[in-house]
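A quick write-up on the structure given underneath.
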Amino acid sequence: MRVQSMCNTDTRDVTATVKQILALEKAGCEIARVAVPDMIAAKAVGKIKKKIHIPLVVDIHFDYKLALECVAQGADKIRINPGNIGSREKVEAVVKACKAKKIPIRIGINVGSLEKDLQEKYGPTPKAAVESALRHVRILEKLNFHDILISIKFSDVPQMVEGYRLLAKKVNYPLHLGVTEAGTSYVGIIKSTLGIGILLNEGIGATIRVSLTADPVEEIRPGFEILKALKLRKYGPEMMSCPTCGRTEINLIGLAGKVEKALEGIDKPIKVAVMGCVVNGPGEAREADIGVAGGKKMGAIFVKGKVIKSVTEDKILPELLKEIKKIIK
Ligand code: SF4
C-alpha cells in the first residue's frame with residue numbers, strides 16, 4: 001500500500017518541481033506524479049529524476065511521442081490511456097518502450113471525460129467508467145502487456161466506491177484509489193477518507209492519493225492516517241486523545257496539540273495517549289505504549305496502562321517527551 005501525490009508545479013520548471021518533490025518526500029510521499037503536457041516537460045523528466053529519491057509517474061494525454069520521451073528520460077510509470085493514443089503503431093511503440101524498461105502503464109479514467117458512446121449508453125456512471133477502463137485494458141492485453149494499474153476517478157464518493165468494486169470484480173490488476181476534485185482540505189480529507197477507506201477495508205486498492213485543493217504536501221499525512229487507522233501500515237507515531245468531558249481538570253486540548261506537534265519529528269511507530277482523567281484514561285488507552293492521564297492540575301504518566309509517575313500540569317509535556325525518548329531510542 002503506497003501513498004502518492006501529484007505536483008502542481010510546472011514540470012518544465014525543474015527547480016520548482018524538484019523542490020516540491022523533495023518536500024513531498026520529507027512528508028513521507030512514496031510516489032510522485034507530474035503532468036507532462038509538452039516535449040519540454042518530457043525532456044525535464046530526466047533532470048528531475050536525478051535529484052529525487054522516489055518513483056516518478058508521468059501523466060500524459062494523447063501524445064505517444066511524449067510517452068516515448070519520458071520512458072527514455074527514465075520515468076518509472078506512465079499514466080496514459082492507450083485508447084487515446086491513436087493508431088495501433090503508436091500504441092505498439094509505447095508498449096514496446098515500456099516493456100523494454102519494465103515500466104508499468106497506468107490507465108486513468110475520469111468519469112467526467114468518458115468516450116461519447118459510453119456516455120450516451122450509460123451516462124456518467126460507475127458502469128461506464130469501468131467499461132471505459134476495460135477497453136483500454138484490452139488494448140494493452142492484446143499486445144501482451146500486463147504491467148497495468150488502473151484508476152477510475154469520481155468526485156462522488158458512493159459512485160467511486162461502486163466503480164472500484166465493479167472494477168475489482170473484473171480485473172486483477174493493482175488499483176490506484178482516489179476521490180477526484182475532492183475539494184479543499186477539510187471536506188477533501190473527509191471524502192477521500194471515506195472513499196479510499198471503504199475500499200481499502202474491503203481489500204481493494206494498491207496505491208492511494210488524497211487529492212486536495214491545497215499544497216500537495218498536505219495530501220500525505222491524511223493518506224498515512226487512513227492506512228494507519230485501518231491497520232494496513234505502521235507509520236510514525238499514532239496518537240489517541242480523549243474528547244474531554246466534565247471530568248477533565250487540565251488544559252487537555254492545548255496539551256494534545258503540543259504533544260501532536262512534538263511527535264511530528266519521530267518516525268518510530270509508537271502509540272501515545274493523551275487522556276483527560278485517571279478514572280478512565282489509562283484503561284481506555286490500554287493499547288498505548290505511553291500516555292498521560294490528567295488529574296487535578298496534574299498528570300499521571302503511564303506506560304502500557306501502568307502509572308509510572310505523577311507530575312504537575314506544567315511538567316506533563318517535558319516528562320512525557322522524556323519518557324517517549326526512552327522508549328524509542
Ligand atoms: S478519558 Fe476521562 S476526561 Fe477524557 S473523555 Fe474519558 S472520562 Fe472524560
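A side-chain donor from one of E69 and Q73 sits under 3.5 Å from a side-chain acceptor of the other. Inspection of the S185 and E218 side chains reveals an N or O donor paired with an N or O acceptor under 3.5 Å. A side-chain N or O of R106 and one of S151 form a donor-acceptor pair less than 3.5 Å apart.
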Open item on the list: Does K271 form a salt bridge (charged side-chain N to carboxylate O under 4.0 Å, His left out) with D289? I'd like the steps, not just the answer.
Closed with: CA-CA 5 Å; K271 271 193 192 162; D289 296 303; over 6 Å; no

Open item on the list: Test side-chain contact (heavy atoms from CB on, under 4.5 Å) on K234 and K228; report intermediate values, then the result.
Closed with: CA-CA 6 Å; K234 282 187 176 171; K228 273 157 66 177; 6.0 Å; no

Open item on the list: Run V58 and V34 through side-chain contact (heavy atoms from CB on, under 4.5 Å) and show every step you take.
Closed with: CA-CA 5 Å; V58 291; V34 292; 4.1 Å; yes

Open item on the list: Does I198 form a side-chain contact (heavy atoms from CB on, under 4.5 Å) with R165? I'd like the steps, not just the answer.
Closed with: CA-CA 10 Å; I198 290 169; R165 279 179 180 155; 3.7 Å; yes

TODO: Please test F62 against I85 for side-chain contact (heavy atoms from CB on, under 4.5 Å), starting from the C-alpha separation and ending with a verdict.
DONE: CA-CA 5 Å; F62 314 116; I85 294 178; over 6 Å; no

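Heavy-atom contacts from other residues, nucleotides or ligands closer than 6.0 Å to NZ of K99 number more than 12. No more than 12 heavy-atom neighbours from other residues, nucleotides or ligands sit within 6.0 angstrom of NZ on K315. More than 12 non-hydrogen atoms from other residues, nucleotides or ligands lie less than 6.0 angstrom from CD1 of I327. Heavy-atom contacts from other residues, nucleotides or ligands closer than 6.0 Å to CZ of R88 number 12 or fewer.
With respect to the salt-bridge test (charged N to carboxylate O, under 4.0 angstrom), the residues E319 and K309 qualify. Of the charged side-chain nitrogens involved, none lies within less than 4.0 Å of a carboxylate oxygen, so that E30 and R209 do not count as a salt-bridged pair. A salt bridge does not link K96 to E89: none of the charged side-chain nitrogens sits closer than 4.0 Å to a carboxylate oxygen. Looking at E238 and K268, no side-chain N of the basic residue comes within less than 4.0 Å of a carboxylate O on the acidic one, giving no salt bridge. Here R135 pairs with D117 in a salt bridge; the nearest charged N to carboxylate O distance falls below 4.0 Å. A salt bridge links D10 to R12: one of the charged nitrogens lies within less than 4.0 Å of a carboxylate oxygen. Contact check on E225 versus R221 returns a salt bridge, with a Lys/Arg side-chain nitrogen under 4.0 Å from an Asp/Glu carboxylate oxygen.
In this structure, D147 and K102 approach most closely via the heavy-atom pair OD2-O, 4.0 Å. Nearest approach of G178 to K153, heavy atoms of both residues: O-CD, 3.5 Å. Minimum interatomic distance between G83 and I139 (heavy atoms only, all atoms of both residues): CA-CD1, 3.5 Å. Heavy-atom minimum distance, I60 versus D63: CG2-O, 3.6 Å.
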